[in-house]
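In what follows, a structure is listed as structure tokens, so that the remarks can point back to it.
Labels below follow one simple rule: chain letters A, B, ... track the order of the sequence lines, proteins then strands, and each chain is numbered from 1.
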Number of protein chains: 2
Amino acid sequence: MTDEYYMLQALREAQKAYEEEEVPVGAVIVLEGKIISRGHNQVEKLTDATAHAEIIALTSAFNFLGSKYLPGASIYITVEPCLMCAGALYWSKISRVVYGADDEKNGYRKYISPPASIDPLKTAAWPFHPRTELVKGVSQEECGRLMKDFFRSKR
Amino acid sequence: MTDEYYMLQALREAQKAYEEEEVPVGAVIVLEGKIISRGHNQVEKLTDATAHAEIIALTSAFNFLGSKYLPGASIYITVEPCLMCAGALYWSKISRVVYGADDEKNGYRKYISPPASIDPLKTAAWPFHPRTELVKGVSQEECGRLMKDFFRSKR
């Protein structure tokens with residue numbers, strides 16, 4: 001399956017968040033071609049500012065595998081992770097982070113700016129695990145549109 | 001009560017972690033002079049790389065108050081928060097972050113370096129909420145000693 005396929009699954013999670021009046025971010029974690037966990041933003045429902053899609057998907061994947069690390073796994077996130085989620089992804093040692101739309105307001109790159117051409121040796125400005133691969137811009141338009149629609153509807 | 005008093009309560013949490021063979025970090029959250037939540041590192045017990053003392057204390061405080069924000073509250077953490085926990089503290093809008101020992105290996109300042117004299121106007125290199133006050137070095141020696149003892153015993 002392609003990155004676009006898994007991102008579509010993450011978008012379905014984001015759509016659920018949208019319908020629940022949560023900021024529409026979704027995530028799925030994939031290992032050996034199988035989706036092992038899903039998450040969508042539940043900050044309002046759980047009254048918990050840390051209940052982001054990524055954190056929910058990570059905790060679910062740890063539980064499913066009985067492992068505190070996720071080497072070999074990929075996470076697909078509809079929107080650029082925030083600083084908290086970037087830090088959580090670091091601890092998970094996940095192998096690939098794939099995200100759709102940029103988030104200029106709350107994305108981790110507001111605080112940490114890796115070099116424009118990502119250095120394979122990684123630098124101090126690399127929040128993820130040194131072996132983690134980062135891919136951005138997958139289905140960017142659809143992922144971003146859901147966010148724009150949400151915030152427009154809230155004005 | 002003084003900052004040292006609440007840090008001693010956080011140290012008790014860290015001691016619990018130590019006894020459970022977890023990296024010995026503890027945290028308590030205080031609102032209007034009362035401890036409303038406690039947490040210690042449970043990464044091994046929960047097999048969850050995100051189960052840091054701060055995240056557990058935050059989630060517990062959100063539940064206790066039925067609120068996703070913690071304005072007016074203070075968190076006492078025995079060790080400098082990591083990037084994930086700094087991000088979680090940002091989202092919580094907590095008013096004061098007080099920590100004991102520095103963590104050069106995993107502390108958020110490895111990635112984000114605020115100016116030496118913390119600018120009251122805050123800068124882009126400030127991971128917390130703009131209104132959050134930061135205090136460091138409270139009971140630094142005791143907090144750091146527990147970490148050193150732990151890692152020495154693991155060698």
Side-chain angles (χ1 to χ4, degrees), chain A residues 22-23 37 39 41-52 54-71 73 80-94 103-114 122-129, chain B residues 22-23 37 39 41-52 54-71 73 80-94 103-114 122-129:
Chain A
E22 303 273 2
V23 174
S37 72
N41 192 343
Q42 296 196 299
V43 166
E44 302 302 330
K45 187 178 181 187
L46 300 178
T47 328
D48 182 340
T50 71
H52 287 196
E54 300 92 315
I55 302 290
I56 291 166
L58 281 171
T59 297
S60 175
F62 295 135
N63 284 336
F64 177 76
L65 296 175
S67 166
K68 63 177 174 163
Y69 299 129
L70 305 173
E80 177 185 343
C82 73
L83 206 59
M84 171 181 73
C85 291
L89 292 165
Y90 164 78
W91 288 114
S92 77
K93 301 187 181 177
I94 201 160
D103 184 350
E104 285 181 17
K105 187 158 183 282
N106 290 309
Y108 74 91
R109 293 180 307 155
K110 184 175 169 186
Y111 304 94
I112 300 175
S113 304
K122 310 294 165 69
T123 68
W126 179 255
F128 306 108
H129 193 265
Chain B
E22 303 273 2
V23 175
S37 73
N41 192 343
Q42 296 196 299
V43 166
E44 303 301 329
K45 188 179 180 184
L46 301 178
T47 328
D48 182 340
T50 71
H52 286 196
E54 299 93 316
I55 303 291
I56 291 166
L58 282 171
T59 297
S60 175
F62 295 136
N63 284 336
F64 178 76
L65 297 174
S67 165
K68 63 176 174 163
Y69 299 129
L70 305 174
E80 177 185 343
C82 73
L83 206 59
M84 171 182 73
C85 291
L89 292 165
Y90 164 78
W91 289 114
S92 76
K93 301 189 181 176
I94 201 160
D103 183 351
E104 285 182 17
K105 186 156 184 283
N106 291 308
Y108 75 91
R109 293 180 308 155
K110 184 175 170 185
Y111 304 94
I112 301 174
S113 303
K122 309 296 162 68
T123 68
W126 179 255
F128 307 108
H129 194 265

Exercise for the section: Please test A:Leu65 against B:Thr47 for side-chain contact (heavy atoms from CB on, under 4.5 Å), starting from the C-alpha separation and ending with a verdict. Expected result: CA-CA 9 Å; A:Leu65 296 175; B:Thr47 328; over 6 Å; no
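Counting heavy-atom pairs under 4.5 Å between each of A:Ala61, A:Cys82, A:Ser92 and chain B puts A:Cys82 at the top. The candidate with the highest count of non-hydrogen atom pairs below 4.5 Å against chain A, out of B:Asn106, B:Asn63, B:Leu89, B:Val43, is B:Asn106.
Looking at A:Ala86, there are no atoms closer than 4.5 Å to chain B (heavy atoms on both sides), in backbone or side chain. With a threshold of 4.5 angstrom between heavy atoms, B:Leu46 approaches chain A through N, CA, C or O but not through any side-chain atom. Proximity to chain A is limited to the backbone of B:Ser67, based on heavy atoms less than 4.5 angstrom apart.
B:Phe128 meets the ring pair (Phe, Tyr, Trp, His ring centres under 6.0 Å) test with B:Tyr108, B:Trp126; sequence neighbours excluded. Remark: B:Glu80 pairs with B:Arg109 by the side chain to side chain donor-acceptor pair (under 3.5 Å) rule, at least two apart or across chains.
Just one of A:Gln42, A:Glu22, A:Met84 meets the side chain to side chain contact (heavy atoms under 4.5 Å, CB included) condition when paired with A:His52; it is A:Met84. Checking B:Leu58, B:Thr50, B:Ile55 one by one against B:Cys85, the side chain to side chain contact (heavy atoms under 4.5 Å, CB included) holds for a single residue, B:Ile55.
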